[in-house]
Amino acid sequence: MEFPASLEAVYHRIDTFDPVTYARTRNFIDGGVSYISPYLSRGFITVPGVLIRLKNRGFSFSELEKFIQELAWREYYAKTWFRLGDGIFQDIRHPQEGVLHHGIPAALVHAQTGIEAIDEHIARFPQTGYLHNHLRMYIASLACNVAHYHWSGPAAWMYYHLLDGDLASNALSWQWCAATFSNKPYWVNQENINHYTHREQRNTLVDCSYEELPYLAFPDIFKEKFDFTPQEPNIPFQVPQINPDLPTFVYSHYTLDPNFHAKEKGNRILVMEPSHCKRFPMSPRSIQFIVELAAQIPDLQVYYGEYADLDCCGTFRDHPILAHWQGNREAYPFLAPDLIGDFPSFFSYWKPLMKRLEKGWSNNFQPVEDGNLSFL
Ligand SMILES: Cc1cc2nc3c(=O)[nH]c(=O)nc-3n(C[C@H](O)[C@H](O)[C@H](O)COP(=O)(O)OP(=O)(O)OC[C@H]3O[C@@H](n4cnc5c(N)ncnc54)[C@H](O)[C@@H]3O)c2cc1C
């Protein structure tokens, strides 16, 4: 799957998306998934924006329900990030049980797990920058529960390569699989992998029953660790030219929305902070994708430096990675911005959100100025 950096291309993707096929086939490797996550993660499109666009195509709430529920996972994770800040990078609810290693298992990164469906996709992953959700879950299950690695190492490796890299969806999905943000570990066996990837492979290290999986001996192939040395980011930038008579609109690689104050005249700057990029490295391909999306915003200047050194009072869309920025902070677009709190599970968040959306569907809810939805 290609991810062209253009608003027309992503609108076309949403306008031809079939939510009914999605609900039926999304767990299969060749299922009708939307492939819009790289655009959502970069803030190039927003969840409320996608929903309104699909609603305007005439779908009923029930036709879209499964897809909206998946989008709600993204919001649930984003809200958890807003609430916990850096707390999402530690085991949240329980310590990960049975950890024997920190770091990244080399056999995984080198596509040598012996599980064909996984190895083939991992081998291409640095080029594709994308993995189907089920594959991500399989990989997390193998790394954390079969190989007994702490989730944080392999999560950082996966984030590095993903074009849709989103620290909340990434860390919290890994924690969900490792049972540090859920109540039980996610296990997968070969039968499940074969079913969803259309294979008939046998005799792999997970070719056993679900009852047997927790008692597997630590597989020797996972002993060796991968030396993860991320490439230094090579971000093209110029020292931004700021016209002091105009407002300054500041973007991050999580809030790259071409519609943000698009009708106003102003300085426009994408700020990529070295302190952040060093802590959470992204592959050259991911950075290239960000720069290509940024090029879609007219007159946007790319600045690789700390926001504080810019010495300007910018207007920007709020985001957890921008907690330290000073200036005019505008709301991050959510389906239900006031639905906040410590929800004990995704479904305790989803239930009230679903009720509101269902009601809003008949009342014809609309997006409001800042991109959030109005349910009036
Ligand atoms: C271990 C692991 C790591 C992950 N890391 C990331 C990440 O860094 N960035 C990221 O965007 N997603 C991540 N996900 C979530 C999910 O895999 C991707 O969002 C999804 O596969 C993207 O493909 P799509 O747009 O075709 O998805 P679709 O199936 O078409 O789903 C539509 C949208 O719903 C949201 N969504 C679907 N499933 C999930 C989910 N489990 N969690 C959160 N949002 C979801 C995404 O915004 C996605 O774009 C991860 C999942 C796992 C299990």
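Remember, predicted model here, so these are calculated numbers, not experimental data. We count residues from 1, following the sequence as given. In listed order, ligands and their atoms are each counted from 1. Only heavy atoms go into these numbers, but all of them, side chains included; no hydrogens, no water, no symmetry mates.
- Distances below 4.0 Å separate heavy atoms of Val33 from the following atoms of ligand 1: 26 (O), 29 (O), 30 (O).
- At least one N/O-N/O distance between Ser34 and ligand 1 falls below 3.5 Å.
- Where the criterion is an N or O separation shorter than 3.5 Å, residue side chain and backbone included, Ile36 meets it with respect to ligand 1.
- When only interatomic distances are considered, the shortest N/O to N/O separation between Arg26 and ligand 1 does not fall below 3.5 Å.
- Between the side chains of Gln296 and Ser6, no donor N or O sits under 3.5 Å from an acceptor N or O.
- Counting the atoms of ligand 1 from 1 in the order shown, those under 4.0 Å from a heavy atom of Leu71 are 33 (C), 34 (O).
- For Tyr77, the heavy-atom gap to ligand 1 drops under 4.0 angstrom.
- Using modelled atom types and a 3.5 Å distance limit, the side chains of Ser41 and Arg74 yield a donor-acceptor pair.
- Under the 4.0 Å criterion applied to side-chain N and carboxylate O atoms, Arg136 and Asp164 are assigned as salt-bridge partners.
- Residue-environment remark: CD (Glu97) stays at or below the threshold of 12 foreign heavy atoms within 6.0 Å.
- Between Asp164 and ligand 1, a contact under 3.5 Å exists for at least one N or O pair.
- At least one heavy atom of Tyr130 sits less than 4.0 Å from an atom of ligand 1.
- Annotation: Ser41 places an N or O atom under 3.5 Å from an N or O atom of ligand 1; distance criterion only.
- Close approach to Leu40 involves these atoms of ligand 1, each under 4.0 Å from a residue heavy atom: 47 (O), 49 (O).
- For ligand 1, the atoms sitting less than 4.0 Å from at least one non-hydrogen atom of Gly165 are 8 (O), numbered in the order shown with element in parentheses.
- Residue Tyr76 places every heavy atom at 4.0 Å or more from ligand 1.
- A donor-acceptor contact closer than 3.5 angstrom links the side chains of Asp91 and Trp151.
- Using modelled atom types, one finds a donor on one side chain and an acceptor on the other under 3.5 Å when comparing Gln288 with Glu292.
- The number of heavy-atom neighbours closer than 6.0 Å to CD of Glu358, taken from other residues, nucleotides and ligands shown, is above 12.
- Remark: side-chain polar atoms of His134 are paired, donor with acceptor, to backbone N or O of Asn27 under 3.5 angstrom.
- Put simply, no part of Trp176 is less than 4.0 Å from ligand 1, judged by heavy atoms.
- If you check the side chains of Tyr332 and Arg317, you find no donor sitting under 3.5 Å from an acceptor.
- Under 4.0 Å from ligand 1, not a single heavy atom of Tyr159 appears.
- Arg136 NH1, 3.2 Å is the protein heavy atom nearest to atom 6 (C) of ligand 1.
- Near Met137, meaning under 4.0 Å from one of its heavy atoms, ligand 1 places the atoms 53 (C).
- Remark: Tyr35 OH to Arg13 CZ distance equals 9.0 Å, nearest 0.5 Å.
- Near Asn133, the atoms of ligand 1 lying under 4.0 angstrom from a non-hydrogen atom of the residue are 15 (C), 16 (C), 17 (O), 21 (O), 41 (N), 51 (C), 53 (C).
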